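Let me begin by presenting the structure, written as structure tokens, before commenting on it.
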Amino acid sequence: AESAAASPAAFVHAVRIPETDAKNGRLRIDGLKATVSAPRLREGPEFCVDFGEECCGYFRMRIRSEKIVRFRLVYGEILDECFHEPPPEEPLHRMLVETVSLQPGVQEWESRMRVGFRFVRIEFLNCPAEVTADNFHVRNSLYPVAYRGWFSCSDPELNRIWTAGRKTLHLCMQEYWLDAIKRDRLLWVGDTRAEALYNYYLFGDSDLFRFSMRSIAECQYADGAIGSAWGTGASLLWDYNAWWVIAMHDYYWHTGDREFLLEMKPYLCRATDWMTEHSGKNGLIRVPPNPLGVWMVVLDNTSGEDPFLNELYLRALQASREACAVAGDVEGVRRYESQTAKTEPAVRALLAEKPLKEKTTLYRHSTGLFEVIETLFAEGDPAGALAMIRKNWGNLLACGADTLYEGMYGRDYPDIAERHTESRESHISFCHGWTAGPCCLLPSEIAGIKPAEPGFRRFTVRPEPVDLTSFRTVVPTPHGDIALVLENSIYTLLVPAGTEADVIRCGKTFHFGAGRHSFA
């Protein structure tokens with residue numbers, strides 16, 4: 001009940017008008033009502049509307065005038081963006097700038113553009129009669145999903161991070177898995193893998209993933225490679241090709257859906273075989289030098305025998321072997337086992353030369369940072385992992401945002417609800433789905449709940465609370481919700497019917513069947 005009550009509202013109403021300019025006309029503001037005279041052809045009176053939170057939907061307002069009304073809208077996730085439009089030739093300009101003409105009368109007007117924003121600047125121009133505008137609100141565009149997952153603990157900052165991540169991810173669930181609601185609004189392969197994984201711990205939804213994966217599979221290249229995004233002719237990112245295969249492994253283990261795994265098997269095997277064709281005699285992939293110097297050739301602009309990419313390749317081999325085993329494809333199992341036997345020791349040797357986090361630029365990206373933090377947990381450093389979550393994601397919320405923005409750049413953003421004169425990078429995506437990693441890490445690593453068999457028929461519980469004195473978490477599964485509570489040094493675990501739990505504490509393993517159990 002507590003988590004369901006926090007679902008985004010169907011409509012979001014304006015909270016204030018922070019900026020006004022009566023240039024070339026007259027402008028009177030009365031609370032959240034504006035009266036405007038705008039006789040000039042260009043550069044008329046303008047004001048900004050603040051909705052107080054990130055929205056994804058359709059801007060609406062009531063307009064009254066005896067004659068034709070003309071206005072421009074400029075949307076922004078931060079107030080500064082409303083005054084720094086993208087160049088007209090950029091696709092983002094068409095996403096964030098709207099020009100409208102309305103006939104005389106009283107109208108409840110709704111934009112035809114679905115936009116991700118918190119602020120909108122409204123500029124009236126060439127209006128032959130006085131205009132009144134009020135009732136500013138947004139009709140949210142929301143994917144119908146239940147808020148099943150939950151995490152709350154004794155640290156208020158972690159709770160804020162988790163809540164912001166949940167909202168960020170839900171808003172990015174639209175017609176498919178969007179990378180972001182403002183920019184780029186694309187079905188990126190790497191983003192889809194990350195977002196779907198977090199979703200299993202938040203919502204337990206599978207429909208959106210199946211639609212997205214089928215859409216990407218339809219665009220697979222003739223040689224087997226998977227493009228970086230949905231659409232014919234999409235760029236090719238080596239690591240995204242591996243992520244597409246790994247995403248199916250995640251899906252199978254969290255849902256137990258054999259039917260869809262078997263449907264996707266031919267596509268994921270071809271994607272893995274494409275990578276194998278580019279591997280050397282030592283079993284490693286050597287990425288050629290990047291001729292463009294931008295990340296669109298390979299994420300992070302890496303080349304050579306990159307340890308991160310080759311570890312992903314190894315995981316893709318293992319995922320393809322798994323799919324073949326489920327399908328009863330004996331020849332396929334042998335083929336992937338043979339390649340894994342060659343690649344795995346080479347990858348381990350590559351990683352042994354220097355830790356993964358030191359050999360790549362993963363710290364700069366929230367999806368890469370997720371991998372680093374997972375590694376810290378796996379290597380037995382939960383305190384270091386939790387400190388990184390607090391430091392990096394806590395910084396994202398320090399600027400007043402209620403969603404999580406793109407990348408971990410180590411910079412501080414000033415208050416997003418104020419205008420600033422200093423130079424800053426414009427049009428950063430402030431609601432980017434792959435940044436919601438803590439929504440997966442907190443229940444899977446701190447609470448320690450992970451599937452031990454596909455579909456959570458059997459699962460493990462290995463809690464690592466570090467300095468947390470209490471927490472409550474719910475993890476949705478196909479069999480029902482797993483719940484784990486830590487209170488007064490006592491754990492209480494709810495095991496759904498039809499499932500079994502292996503609890504690991506202090507080097508010992510305890511087996512629990514369905515029902516409610518307590519342990520220290």
Side-chain angles (χ1 to χ4, degrees), residues 172 175-179 184-197 199 206 208-253 257 260-279 284-288 290 292 294-303 306 308-324 326-327 329 332 335-336 339-340 343 365 367-368 370-371 433-434:
C172 289
E175 61 270 32
Y176 41 72
W177 281 106
L178 297 184
D179 65 324
D184 311 328
R185 308 184 196 176
L186 294 177
L187 175 55
W188 286 104
V189 169
D191 300 63
T192 297
R193 182 269 170 174
E195 290 171 309
L197 177 61
N199 147 78
S206 57
L208 197 62
F209 177 80
R210 288 196 298 266
F211 176 80
S212 299
M213 291 294 281
R214 286 189 179 111
S215 299
I216 295 167
E218 290 172 356
C219 302
Q220 188 169 28
Y221 284 100
D223 61 2
I226 290 291
S228 60
W230 179 40
T232 303
S235 63
L236 179 60
L237 295 175
W238 298 69
D239 41 355
Y240 277 32
N241 187 90
W243 279 130
W244 191 81
V245 179
I246 294 167
M248 275 306 309
H249 167 78
D250 296 337
Y251 174 83
Y252 177 55
W253 274 78
D257 186 351
F260 187 60
L261 177 65
L262 296 178
E263 177 187 336
M264 289 291 106
K265 173 185 173 290
Y267 302 98
L268 65 91
C269 287
R270 290 181 62 214
T272 302
D273 293 346
W274 178 83
M275 301 188 79
T276 299
E277 291 171 3
H278 290 82
S279 65
L284 298 176
I285 294 174
R286 177 179 291 275
V287 180
N290 185 339
L292 299 180
V294 295
W295 74 271
M296 281 296 295
V297 174
V298 62
L299 194 62
D300 291 338
N301 194 23
T302 57
S303 61
D306 178 65
F308 179 51
L309 171 64
N310 278 284
E311 187 179 51
L312 295 184
Y313 168 48
L314 175 61
R315 290 164 65 180
L317 288 170
Q318 295 166 340
S320 294
R321 187 263 179 214
E322 175 182 67
C324 290
V326 172
D329 179 357
R335 181 159 52 92
Y336 291 116
Q339 184 63 30
T340 298
T343 299
H365 300 275
T367 181
F370 179 88
E371 297 293 314
W434 74 2

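Keep in mind the model is a prediction, meaning the values are calculated, not measured.
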Who pairs with Trp274 by side chain to side chain donor-acceptor pair (under 3.5 Å), at least two apart in sequence or on another chain?
-> Asp223
Rounded to the nearest 0.5 Å, what's the gap from CD1 on Ile216 to CH2 on Trp177? Could you check?
-> 12.5 Å
Is the closest side-chain heavy-atom distance between Trp434 and Arg193 below 4.5 Å?
-> no
What are the two closest heavy atoms between Gly224 and Arg270, and how far apart are they?
-> N-NH2, 3.5 Å
Any side-chain heavy atom of Leu312 sitting closer than 4.5 Å to one from Trp243?
-> yes
Would one find more than 12 heavy atoms of other residues, nucleotides or ligands at under 6.0 Å from atom OH of Tyr252?
-> yes
If you measure from CZ on Arg321 to CG on Leu317, what distance do you get to the nearest 0.5 Å?
-> 12.0 Å
Give the C-alpha distance, both sets of side-chain angles, the deciding distance and a yes or no for side-chain contact (heavy atoms from CB on, under 4.5 Å) between Arg214 and Met264.
-> CA-CA 8 Å; Arg214 286 189 179 111; Met264 289 291 106; 4.0 Å; yes
For the student: nearest non-hydrogen atoms of Ala271 and Ile226, plus distance = CB-CG1, 3.8 Å
Side chain proximity check, Arg335 to Asp273, heavy atoms < 4.5 angstrom | yes
Taking only residues two or more places apart in sequence, or in another chain, which ones meet Ser320 in a side chain to side chain donor-acceptor pair (under 3.5 Å)?
-> Thr272
N/O donor-acceptor pair under 3.5 Å between Arg315 side chain and Val245 backbone | no
Gap separating the CH2 atom of Trp230 from the OG1 atom of Thr192, nearest 0.5 angstrom | 11.0 Å
Give the C-alpha distance, both sets of side-chain angles, the deciding distance and a yes or no for side-chain contact (heavy atoms from CB on, under 4.5 Å) between Trp238 and Tyr313.
-> CA-CA 9 Å; Trp238 298 69; Tyr313 168 48; over 6 Å; no
Closest heavy-atom pair, Cys219 versus Gly231, reported as atoms and distance to 0.1 Å, is SG-N, 3.6 Å
Show the numbers, then the answer: is there a side-chain contact (heavy atoms from CB on, under 4.5 Å) between Asn199 and Glu195?
-> CA-CA 6 Å; Asn199 147 78; Glu195 290 171 309; over 6 Å; no
pair Trp244-Met213: side-chain heavy atoms closer than 4.5 Å = yes
Looking at Leu187 and Ser215, what are the two nearest heavy atoms and their distance?
-> CD2-CB, 4.4 Å
Can you name the closest pair of heavy atoms from Lys265 and Ala327 and give their distance?
-> CD-CB, 3.6 Å
OG1-CD distance between Thr343 and Glu311, expressed to the nearest 0.5 angstrom | 12.5 Å
Would you say the side chain of Leu268 lies within less than 4.5 Å of the side chain of Leu261, judging by non-hydrogen atoms?
-> yes
Hey, are the side chains of Tyr176 and Arg185 touching, using non-hydrogen atoms and a 4.5 Å cut-off?
-> no
If you round to the nearest 0.5 Å, how far is CE of Met248 from CG of Asp257?
-> 7.5 Å
Ser228 side chain to Ser235 main-chain N or O, any donor-acceptor pair under 3.5 Å?
-> yes
Full working for side-chain contact (heavy atoms from CB on, under 4.5 Å) between Glu322 and Trp253 = CA-CA 11 Å; Glu322 175 182 67; Trp253 274 78; 2.5 Å; yes
For the pair Tyr336 (side chain) and Cys269 (backbone), establish whether a donor and an acceptor sit closer than 3.5 Å, ignoring hydrogens and angles.
-> yes
For Leu186, does its backbone N or O pair with a side-chain atom of Asp179 as donor and acceptor, under 3.5 Å?
-> yes
Sub-4.5 Å side-chain heavy-atom contact between Val287 and Asp306 = no
Measure across Asp191 and Trp188 and return the closest heavy-atom pair with its distance rounded to 0.1 Å.
-> OD1-CB, 3.0 Å
Non-hydrogen side-chain atoms of Leu309 and Met275 separated by less than 4.5 Å = yes
